[in-house]
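Report on the structure given below.
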Amino acid sequence: MLQIEIIDAEGSTRSVQAPDDCILGKGAQNEVRLDSWRVSKEHARLFRTPSGVLLEDMGAFGGININGVRVDNQYGPLKASDVITIGPFQLHVMIVRAAISAANHPHLRATDADFQKNHQSARSQLPQATEVNPQSVVKEPPRIVNPSAMVATKEPDAKRLEVEFKWRKHIHSKLLETMDLRRHDVHGMSDEKLRQETEELIRQILKEEEASIPSQLDTDLLCKQVLNEAIGLGPLEELLEDDGVTEIMVNRFDEIYIERAGRLEKYPLAFTGDRAVMGVIERIVAPLGRRIDESSPMVDARLKDGSRVNAIIPPLALKGPCLTIRKFAKYKLTVQDLVKFGAISPAMAEFLEVCVTARKNIVVSGGTGSGKTTLLNILSNFIPLGERVITVEDAAELKLNHEHLISLESRPANIEGKGAIPIRELVKNTLRMRPDRIVVGECRGAEALDMLQAMNTGHEGSLTTLHANTPRDGLARLETMVLMAGMELPLTAIREQISSAIDIVVQQSRFACGSRKVTSIVEVAGMESGKIQIQELFKYVNQGYSRGNGQIRGYFTGCDMVPSFYDSLRASGNELDIAIFKPDDTLKFDQDMSESYQDHVQNGALG
């Protein structure tokens with residue numbers, strides 16, 4: 001048996017006993033499980049030989065370091081002082097008793113070739129790893145390697161990637177040659193037909209090259225990778241299918257990050273080169289009539305499912321083509337979902353629904369990725385079904401459930417630099433289309449003036465979003481955007497326009513833990529002494545982050561202020577309980593009691 005001491009990233013130590021031949025990785029079937037996204041399912045193999053215990057790299061992306069030096073294939077025999085680094089874990093291996101008899105387990109003496117053949121059946125006969133008491137094992141004190149002294153190595157297996165990239169490029173180029181010789185008219189094919197014929201050609205090429213392809217490469221995986229890169233989105237295909245991934249960020253061809261549950265993490269796969277990234281960008285923007293080249297190196301686009309895409313290429317992007325995809329959720333969230341997730345309180349949701357129905361003009365303010373568009377979608381679906389709704393966006397993201405709906409999208413300039421239709425022109429045009437409601441995806445510039453004028457000239461109940469950290473900052477930014485229209489209006493006139501047009505500002509915030517919440521709802525209460533007056537109706541009281549899971553904690557409450565239009569809401573038949581604006585001291589008391597109880601438990605005063 002082998003005694004293995006495991007130290008995780010937080011410094012916690014555990015010891016396990018494992019068979020003389022065992023697999024280390026995050027797979028549940030492994031004898032030694034290392035649970036981390038940086039560890040492969042079968043990352044490494046430990047096995048005992050007459051000369052000692054050897055360590056074998058199973059070809060994982062993260063690789064293995066011994067005392068800070070990268071292991072290419074095998075290393076051994078191991079010493080008790082050797083520090084094995086696998087992902088965030090440090091391991092020390094000792095032999096605690098005689099090895100299992102080779103007669104009973106002949107695979108322990110097998111060669112590497114034989115090991116691949118009978119490993120699965122032999123593993124099922126070996127005892128699984130069990131937790132043991134570290135104090136019961138006498139061992140040489142491990143030598144912890146100073147991380148700063150370790151040799152810096154590139155995380156992916158460079159040699160393996162090099163071979164994989166080489167063959168992927170080779171197969172890809174052969175594919176293009178074959179399709180060209182056969183004069184395939186790919187433009188006339190359906191997506192399904194193109195994918196089917198391309199896969200058949202790739203498998204034919206792989207069969208012809210079978211004798212030359214290295215044995216360590218999986219031909220099925222190679223076929224899938226070439227197919228995705230030839231007519232799909234390469235390594236991004238799996239990420240787009242993963243509902244848990246909300247954003248994909250390609251910094252360069254070999255550096256991909258994703259957002260999952262509000263947290264950023266690095267994705268282990270990569271493109272073969274800058275040309276592959278450029279190919280993916282062109283396949284996204286071409287069907288939309290957009291273009292990207294050196295003369296127009298930035299583009300906004302969208303995928304078929306509505307996901308928003310931004311791309312920027314050299315010479316503006318110094319590290320290579322950059323691609324950012326904000327995925328569009330397949331499931332349409334409702335206000336009940338936001339309440340269930342703790343993003344908004346039932347009282348706040350009820351108030352916003354009444355405001356939309358009563359045709360109040362609402363601005364949703366927040367930072368990048370705070371959930372403004374999601375909230376705008378939900379608020380837009382409160383609009384009564386009989387009304388005519390027109391949406392205006394840079395890149396269409398809003399998905400409304402109304403039958404009487406018109407969606408407009410701005411257009412960039414063509415190759416001659418002409419033909420651009422900005423959002424401002426579209427907002428002006430909507431006024432000639434007899435709208436009941438105008439929904440602008442986001443105000444970024446001079447269109448803010450036209451939006452305010454629409455709100456002030458009989459188009460009540462309009463909705464929009466803007467970037468700002470607080471409601472007060474949002475109103476100040478509106479002033480700046482109106483000034484961008486070049487009308488040279490005095491500041492007082494601009495503020496009067498804003499105060500008479502905007503009824504409600506909803507502030508959406510994203511916290512460090514990844515959660516998103518409506519942190520404030522304020523009413524724009526007019527002008528006084530040349531300043532826009534606001535009064536807060538609801539707020540989220542932030543009580544810091546939980547010590548256990550790092551999640552934000554706090555509670556929603558009213559601010560003991562009733563909106564000035566409350567009487568008009570009642571007169572229009574929109575009943576609203578005035579009690580929802582009262583401070584919710586009960587929630588605060590319960591929260592304080594809960595935190596106090598936790599403090600006492602942690603300090604040993606209770607339990």
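Any value given below was found using the heavy atoms of this structure, including those in side chains, with hydrogens, waters and symmetry copies removed.
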### Task
Mind checking the CE-OG1 spacing from M348 to T519? Nearest 0.5 Å is all I need.
7.5 Å
## Note on the structure
Sorted by chain and residue number, the side-chain contact (heavy atoms from CB on, under 4.5 Å) partners of T465 (sequence neighbours excluded) come out as V364, K372, L376, E442
#### Entry: Atom of V285, atom of A301 and distance for their closest heavy-atom approach
CG1-CB, 3.9 Å
### Query
What closest approach, in Å, do R70 and I64 show between heavy atoms, and which atom pair accounts for it?
CD-O, 3.3 Å
#### Entry: Heavy atoms of other groups near K41 NZ, more than 12 under 6.0 Å
no
### Query
So, do D57 and Q74 sit near enough that their side-chain heavy atoms are less than 4.5 Å apart?
no
### Message
Quick check for you: to the nearest 0.5 Å, what is the distance between Y267 atom OH and E255 atom CD?
### Response
15.5 Å
### Query
Can you tell if the side chain of K517 reaches within under 4.5 Å of the side chain of I552, non-hydrogen atoms only?
yes
### Message
Any side-chain to backbone donor/acceptor pair from N65 onto T85? Under 3.5 Å, distance only.
### Response
no
### Task
Write down the atom of L240, the atom of I325, and the distance for their closest heavy-atom approach.
CD2-CG2, 4.2 Å
### Set of salt bridge (Lys or Arg N to Asp or Glu O under 4.0 Å) partners for R33, sequence neighbours left out
none
### Query
Are side-chain heavy atoms of V53 and L2 found at a separation under 4.5 Å?
yes
### Query
So, the side chain of Q508 versus the backbone of S370: is there a donor-acceptor pair under 3.5 Å, distance only?
yes
### Message
If the condition is side-chain contact (heavy atoms from CB on, under 4.5 Å), which residues does P297 pass it with, not counting sequence neighbours?
### Response
I313, L316
### Message
Go through it in stages, so that I can follow the logic: the residues are K26 and S40, the test is side-chain contact (heavy atoms from CB on, under 4.5 Å), and I'd like the CA-CA distance, side-chain angles, deciding distance and then a yes or no.
### Response
CA-CA 6 Å; K26 69 177 179 182; S40 299; 6.0 Å; no
### Message
Please find the pair of heavy atoms, one from Q3 and one from S15, that lie closest to each other, and give the distance.
### Response
NE2-CB, 3.1 Å
#### Entry: CD-SG distance between E200 and C223, expressed to the nearest 0.5 angstrom
10.5 Å
### salt bridge (charged side-chain N to carboxylate O under 4.0 Å, His left out) assessment of D21 paired with R48
CA-CA 7 Å; D21 190 332; R48 190 178 179 224; over 6 Å; no
### Query
What is the minimum heavy-atom distance between M249 and T324, and which atoms define it?
CG-CG2, 4.1 Å
### Message
One pair to check against side-chain contact (heavy atoms from CB on, under 4.5 Å): L323 and I312. What are the steps and the verdict?
### Response
CA-CA 7 Å; L323 182 65; I312 182 167; over 6 Å; no
#### Entry: side chain to side chain donor-acceptor pair (under 3.5 Å) partners of T373, counting only residues at least two apart
none
### Query
Is there a side-chain contact between P88 and V39, using heavy atoms and a 4.5 Å cut-off?
yes
### Message
Contact between L46 and V93 at the side-chain level, heavy atoms closer than 4.5 Å - yes or no?
### Response
yes
### Message
Between R283 and E237, is the salt bridge (charged side-chain N to carboxylate O under 4.0 Å, His left out) condition met? List the steps.
### Response
CA-CA 13 Å; R283 279 193 288 277; E237 290 279 358; over 6 Å; no
#### Entry: Y75 side chain near D82 side chain, heavy-atom distance below 4.5 Å
yes
### Task
Output yes when a side-chain donor or acceptor of N30 lies under 3.5 Å from a complementary backbone atom of V32, and no otherwise.
no
### Task
Determine, stepwise, if the pair L375 / V506 fulfils side-chain contact (heavy atoms from CB on, under 4.5 Å).
CA-CA 9 Å; L375 183 59; V506 182; 3.7 Å; yes
### Task
State which residues pass side chain to side chain donor-acceptor pair (under 3.5 Å) with D220; sequence neighbours excluded, sorted by chain then number.
R203
#### Entry: side chain to side chain donor-acceptor pair (under 3.5 Å) involving E247 - partner list, sequence neighbours excluded
R326
## Note on the structure
Taken in chain and number order and not counting sequence neighbours, the residues that satisfy salt bridge (Lys or Arg N to Asp or Glu O under 4.0 Å) with E265 are R260
### Non-neighbouring partners of S365 that pass side-chain contact (heavy atoms from CB on, under 4.5 Å), sequence neighbours left out
L466, A468, V505, Q507
### Task
Find the distance between CG (L24) and CG (L55) and round it off to the nearest 0.5 Å.
7.5 Å
### Query
Looking only at atom types and distance, does a side-chain atom of K327 sit under 3.5 Å from a main-chain N or O of R308, one as donor and one as acceptor?
no
### Query
OG1/T246 to CD1/I258 distance, rounded to the nearest 0.5 angstrom?
8.5 Å
### Message
Quick one: does any side-chain atom of R553 pair with a main-chain N or O of Q543 as donor and acceptor, under 3.5 Å?
### Response
yes
### Query
Are any side-chain N or O atoms of H43 and backbone N or O atoms of G63, one a donor and one an acceptor, separated by less than 3.5 Å?
yes
### Partner residues of F341 under the side-chain contact (heavy atoms from CB on, under 4.5 Å) criterion, sequence neighbours left out
L333, D337
### Message
How close do I281 and C322 get, counting heavy atoms only, and between which atoms?
### Response
CD1-O, 4.2 Å
### Query
Of all residues at least two apart in sequence or in a different chain, which pass the salt bridge (Lys or Arg N to Asp or Glu O under 4.0 Å) check with K79?
none
### Query
Has the side chain of Y540 got a donor or acceptor atom that lies under 3.5 Å from a matching backbone atom of S509?
no
### Query
Sequence neighbours excluded, which residues qualify as side chain to side chain donor-acceptor pair (under 3.5 Å) partners of D8?
none
### Message
If I take atom CD from residue Q336 and atom CD1 from residue I344, how far apart are they, to the nearest 0.5 angstrom?
### Response
11.0 Å
### Task
Please answer whether the main-chain N or O of S546 pairs with a side-chain N or O of Q551 as donor and acceptor at a distance below 3.5 Å.
no
